[in-house]
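Just follow the structure's listing: the first ligand is 1, and inside any ligand the first atom is 1. For this chain, numbers begin at 1 and follow the sequence in order.
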Amino acid sequence: MAEIPDFLSEEECRLVVQLARLKGLTESQVSVPDSQEETADLLDLSPEEVFNLLDLNQDGQLQLQEILTHSSARDRFWLTPENLQEIYAGLKDDPDQDGLLSLGEFKRLSSKALWRFSPQLGGKRSQPVRNSRHTWLYQGEGAHHVLRALRKRVIRLTQLPPLLVELSEPLQVVRYEQGGHHYAHYDSGAVHPEAACTHSRLAANISTPFETSCRYITVLFYLNSVEEGGETTFPVADNRTYEEEALIQNDVDLLDTRKNCDKGNLRVKPTQGTAIFWYNHLSDGKGWVGELDEYSLHGDCILPRGTKWVANNWINIDPDYQRQARYQKLVAQRQQDEAQSGERNSDEHSDLHQDL
Ligand SMILES: O=C(O)CCC(=O)C(=O)O
Ligand SMILES: [Fe+2]
């Protein structure tokens, strides 16, 4: 993780906040609708119970179809896409190669993997995992000059090919009010051949069962200074070894940024204009994006009072090189088509103009 003071001027910070306000912010938390409360109550589940829920035909085995059925949005509240990917991966590497997961196999898999990305699973579902509001600001051609300048600065900072940055997500501006927080999480998803990246899905095989955001780099801007709390926390930064089990021990849940921020390894205090950036993935050793870096786990500590404004620039890269290349080709093609039809339209307009 690197910290860069004065990446933005005071003026620029104010302007980004103003633009976000003008656009309007929406609730970030995907809340559980009342009708889902029953599902929420089921969340203190043992691996056996989860297994039973997944085992739709109740034959005591999990098969591929049952897992894929659960990749639908309906079940997102209690099984995250990452949970499903883990189970799916387990099924694919099935030790006895019968293409089925027995309860025993599932338990070995779920003892460490299943709960990993889901701090809300073991806890009280009524407490939101994230409490903030956000909006998106377009940074492409024709955007406000400050937003364009920011994008250009990010290109210089990351030293990535400009096109990769230009094709990435818009700027996400986030506002936390008193009590705001964001549980520890990964900005990107686990690399898995069956998972398409949201940004390059166009170029993926349609039958890919999972979708995940592929965010190689996070650049986080602090748009105001915060006196107390609201730090960005990296609970396992610099650990010599990474143990998922160590994240929750003796009732201390390091993922819970409302309670245990002081126990994390690294905290960054928000200072207006500062940018921090980090890689969410390791290198694959061949010059491309590799596995998710588990040390990139981070969150936002609870804000006891006041307001905190941040903005996220995520650089999207598909760990599947070919898919990223196909995606870029598709976008280029589309832009070319648009430019051509634009030319045609403007010809029509000029004819029309003459006629008039
Ligand atoms: O607000 C922060 O400090 C961290 C925000 C964050 O991690 C996110 O929005 O993904
Ligand atoms: Fe994040």
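- Of the listed residues (Ile276, Asn265, Leu297), just one forms a side-chain contact (heavy atoms from CB on, under 4.5 Å) with Phe234, and that residue is Ile276.
- Results of the side-chain contact (heavy atoms from CB on, under 4.5 Å) test with Gln139 over His144, Lys152, Arg151 single out Arg151 as the only residue that passes.
- Between Asp256 and Lys259, at least one side-chain nitrogen of the basic residue sits less than 4.0 Å from a carboxylate oxygen of the acidic one, meeting the salt-bridge criterion.
- Interface of His298 with ligand 1, defined as ligand atoms under 4.0 Å from a residue heavy atom, comprises 7 (O).
- Under a 4.0 angstrom heavy-atom cut-off, Lys308 registers as being in contact with ligand 1.
- For Asp238, the CG atom is loosely surrounded, since the number of other residues' heavy atoms within 6.0 Å does not exceed 12.
- At least one N or O atom of His185 sits closer than 3.5 Å to an N or O atom of ligand 1.
- Protein N/O/S atoms found under 2.8 Å from the Fe ion (ligand 2), listed by chain and residue number: His185 NE2, Asp187 OD1, His298 NE2.
- The protein non-hydrogen atom at the shortest distance from atom 3 (O) of ligand 1 is Thr232 OG1, 2.5 Å.
- For Val268, no heavy-atom contact with ligand 1 is shorter than 4.0 Å.
- A salt bridge links Glu10 with Arg14: at least one charged nitrogen is closer than 4.0 Å to a carboxylate oxygen.
- Heavy atoms from other residues, nucleotides or ligands lying under 6.0 Å from NZ of Lys263 number more than 12.
- For atom 5 (C) of ligand 1, the closest non-hydrogen atom of the protein is Tyr176 OH, 3.4 Å.
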Requested in this report: Would you please test Thr158 and Tyr216 for side-chain hydrogen bond (donor to acceptor under 3.5 Å, both in side chains) and show each step?
Outcome: CA-CA 11 Å; Thr158 57; Tyr216 177 48; over 6 Å; no
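- More than 12 heavy-atom neighbours from other residues, nucleotides or ligands sit within 6.0 angstrom of CZ on Arg148.
- Considering backbone and side-chain atoms together, Tyr222 places no N or O closer than 3.5 Å to any N or O of ligand 1.
- Assignment of Glu231 to the shell around ligand 1 is not supported, since no heavy atom sits closer than 4.0 Å.
- Taking the six-membered ring for Trp and thresholds of 30 and 60 degrees, Trp136 and His134 have ring planes more than 60 degrees apart, a perpendicular arrangement.
- For Tyr321, the OH atom counts as loosely surrounded, since its 6.0 Å shell holds 12 or fewer non-hydrogen atoms of other residues, nucleotides or ligands.
- You'll find the ring centres of Tyr327 and His199 inside the 6.0 Å limit.
- Shown in contact with Trp314 at under 4.0 Å from a heavy atom are these atoms of ligand 1, numbered in order with element: 10 (O).
- Assignment of Tyr186 to the shell around ligand 1 is not supported, since no heavy atom sits closer than 4.0 Å.
- Contact annotation: for Thr218 versus ligand 1, there are no heavy atoms closer than 4.0 Å.
- The pair Arg133-Glu177 does not count as a salt bridge, with every side-chain nitrogen at least 4.0 angstrom from each carboxylate oxygen.
- At the shortest separation from atom 9 (O) of ligand 1 among protein heavy atoms lies Asn312 ND2, 3.0 Å.
- Residue-level proximity to ligand 1 for Phe234 is absent, since no heavy atom of it falls below 4.0 angstrom.
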